[in-house]
Each structure stands twice: as structure tokens, then as C-alpha cells.
Amino acid sequence: MANKGRSTPGLFGSVNHYDEHGNKIGHSDPGIFGGYDHYDSKGHKTGHSDPGLFGGYDHYDDHGRKTGHSDPGLFGGYQHWDSNGDPAGSSDPNLFGGYSHNDSQGCYVATCVYGSYDCPQVWTLRRFRDNTLAGTLPGRAFIRTYYAISPTIVRWFGRRQWFKNMWQGVLDGMVKKLNDSGVEDTPYHDRSWR
């Protein structure tokens, strides 16, 4: 899972943000009507986040343009989406408060098993997700559930060999069936399915 940094609680409800090297890159202060106002490391306002209708947050830049949103996950974390509705990473709660942030590539069991987001097996599975699962209501529900659960599962177990071995056979069989049915395993760029 590729680390994008962390956020830790500050004073009076604020949140401090750090990059993957531990350098402070900014902070967020509670907004007047809920949500947060965001600032860079020099104190310049970079945007704000407002509470979403069903939990989570809608994110805006300093000009008020929507830049994405975050949906709550099942284990207290968040799944992030960019303004096009594409996955943009996840945030998982830390044991002593705050969150660890990860890029979208680290949030999938298949990426953990095969070691890369860009390999033939994962290209096959991503095509199946975008061209088949995303075309139905139950498929989209499965995708959202998967994105809500998988970051935490991979964070907890992704470095354990038994976890990779357990999923390797299942995924190999699925990929073979998909390839045999005509799903390509060539380089692929994700489509927005939201």
C-alpha cells in the first residue's frame, strides 16, 4: 500500500497534515458551519470541506470549485474520490487518533496479491469492474462495498504471506475465466463508473 502521509489531531479540533516523510504540509481548522477550512504549511487557505448529505465530506478549492468527495468506510475510515468520480485514495484510522492516507493503487486486494496496479491480471480485473460490474446496480453496490472494506483489510493483512496465498488461487481462477471469455489483459486506464 503506497503511503501518502498522515493526519493527526491538533488543538481545539484542528487537524495537522504530514507527507509520507513526516514533513508538515498544512492543517485544517473546524469551519463555522461544520466541516473544515484547509491551509498549507505557510498558512494560506487552500480550500474547505463541507459535510456531505449521507456522511463524509465534499471538498472544494480556494475558489469554491468542487475537487472531490470522501465517503465514510465501514471501519471508521474514508474512501476518497476526485471531481470525475474516480478513486483517489483512502484514509484509515490510526490506533491513537488521526488517519493514515494511502493512494488509490494500494486499496485493492488484487494489487496486494500481484504487487502492482499495472499488471495483466489487475488490468483484466479493472476492465471487468468498469465494463461489467459497473453496468448494473448490484455491481455498483459491490464496487462501493469493496472500496469501503478493502483498504482496511489490506492494511491489516496485506503484508502477510498467508493472506496473499489465500487470495492468489481465487484471483488466478477469476482472471483465467475472464481472459477465456474475451476480457483483455493489455494496459488499461480506469473509466469513471459513478
Side-chain angles (χ1 to χ4, degrees), residues 1-6 19-21 52 54-57 59 67-95 99-194:
M1 190 180 295
N3 188 320
K4 284 176 44 177
R6 63 189 170 88
D19 66 16
E20 64 272 20
H21 306 293
F54 301 106
Y57 294 91
H59 307 294
T67 59
H69 68 279
S70 299
D71 294 333
L74 297 181
F75 299 102
Y78 291 92
Q79 184 67 37
H80 308 297
W81 309 89
D82 67 18
S83 60
N84 295 321
D86 296 323
S90 65
S91 297
D92 299 313
N94 291 324
L95 190 57
Y99 293 88
S100 294
H101 308 297
N102 305 290
D103 65 22
S104 60
Q105 296 179 5
C107 300
Y108 309 104
V109 173
T111 301
C112 171
V113 168
Y114 294 113
S116 173
Y117 191 64
D118 287 311
C119 66
Q121 298 90 338
V122 179
W123 290 328
T124 299
L125 294 168
R126 288 161 53 194
R127 275 191 174 87
F128 175 67
R129 175 199 65 199
D130 292 350
N131 298 324
T132 303
L133 287 179
T136 68
L137 187 59
R140 287 191 297 276
F142 172 80
I143 294 169
R144 286 190 177 91
T145 302
Y146 179 70
Y147 283 152
I149 294 172
S150 65
T152 302
I153 291 174
V154 170
R155 182 171 174 237
W156 287 349
F157 305 114
R159 294 199 172 120
R160 308 238 187 334
Q161 194 58 45
W162 64 262
F163 179 80
K164 294 177 183 180
N165 292 343
M166 178 180 74
W167 284 103
Q168 181 87 48
V170 173
L171 292 175
D172 283 349
M174 183 181 298
V175 168
K176 183 176 182 339
K177 283 183 181 178
L178 291 171
N179 291 153
D180 290 347
S181 70
V183 179
E184 294 182 25
D185 64 358
T186 55
Y188 181 70
H189 296 286
D190 294 341
R191 285 179 35 211
S192 175
W193 52 267
R194 289 178 70 80

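Numbering starts at 1 and runs along the sequence shown. All heavy atoms count here, side chains included; hydrogens, waters and symmetry mates do not. Predicted, not measured: the structure shown is a model, and the values here were computed from it.
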Kindly compute the distance separating [atom1] ([X]) from [atom2] ([Y]), expressed to the nearest 0.5 Å.
X    : Y    : atom1 : atom2 : result
Y57  : H80  : OH    : NE2   : 11.5 Å
Q121 : L178 : CD    : CG    : 12.0 Å
Q161 : Q168 : CD    : CD    : 9.0 Å

Heavy-atom pair of closest approach, residues [X] and [Y]:
X    : Y    : value
I143 : R129 : CD1-CG, 3.6 Å
G55  : P72  : C-CD, 3.9 Å
G158 : K164 : O-CE, 3.0 Å
S70  : H59  : OG-NE2, 2.7 Å
T186 : R127 : O-NH1, 2.7 Å
S150 : V109 : CB-CG2, 4.5 Å

Backbone N/O of A134 and side chain of R140: donor-acceptor pair under 3.5 Å: yes
Results of salt bridge (charged side-chain N to carboxylate O under 4.0 Å, His left out) for K176 - residues two or more places apart only: D180
Whether W81 and H69 hold their rings parallel, tilted or perpendicular, with breakpoints at 30° and 60°: parallel
Do [X] and [Y] make a side-chain contact, defined as non-hydrogen atoms from C-beta onward lying under 4.5 Å apart?
X    : Y    : value
V175 : Y114 : yes
L125 : Y188 : no
C112 : F163 : yes

Distance-only side-chain donor-acceptor flag, T111 / R126, under 3.5 Å: no
